[in-house]
Amino acid sequence: RVILLWVQTPLEIAKKRAVNEAHLHETRILGAMPEEKFTHISKNLEEPHENEKYLELDGTRLNKAYVANQLKNYGNH
């Protein structure tokens, strides 16, 4: 089963995580992202289309328990 995850994180927090604090996050396996690349990617993101089913996550609350709970609740729909 495939689930589209739409993670909503304030831009300043996302940039800080990707550009400045990559060494603090085990999910940033490729290290820090250049600021120009972050800006390019963030400006080109598209919201899911109306006909796409997705699960929206709060990017300020991401941890295993939160994601597991959201996935569990999503499966009940």
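- To the nearest 0.5 Å, atoms OH (Y66) and OG1 (T60) are separated by 7.5 Å.
- Within the hydrophobic cluster formed by Ile, Leu, Val, Met, Phe, Trp and Tyr side chains joined at under 4.5 Å, directly or through other members, W6 is accompanied by L4, Y54.
- How far CD of Q8 is from CD of E47: 6.5 Å, rounded to the nearest 0.5 Å.
- The closest side-chain heavy-atom distance from L71 to N73 is not below 4.5 Å.
- Side-chain heavy atoms closer than 4.5 Å link hydrophobic residues (I, L, V, M, F, W, Y) into clusters, and following such links, even through other members, never connects I13 to V7.
- Within the structure, salt bridge (charged side-chain N to carboxylate O under 4.0 Å, His left out) pairs that include any residue of residues 54-67 do not occur (at least two apart or interchain).
- Once rounded to the nearest 0.5 Å, the distance linking CG of N44 with OG1 of T39 reads 10.5 Å.
- Two residues are said to be in side-chain contact when any heavy atoms from C-beta on lie closer than 4.5 Å; L55 and L57 meet this criterion.
- Separation of atoms CE (M33) and OG (S42) is listed at 9.0 Å; rounding is to 0.5 Å.
- The two residues F38 and A18 make their nearest non-hydrogen contact at CD1-CB, 3.9 Å.
- Shown here are the salt bridge (Lys or Arg N to Asp or Glu O under 4.0 Å) partners of E35, two or more places apart in sequence or in another chain: K15.
- Relative to the ring axis of Y74, K53 places its NZ or CZ within 45° and under 6.0 Å from the centre.
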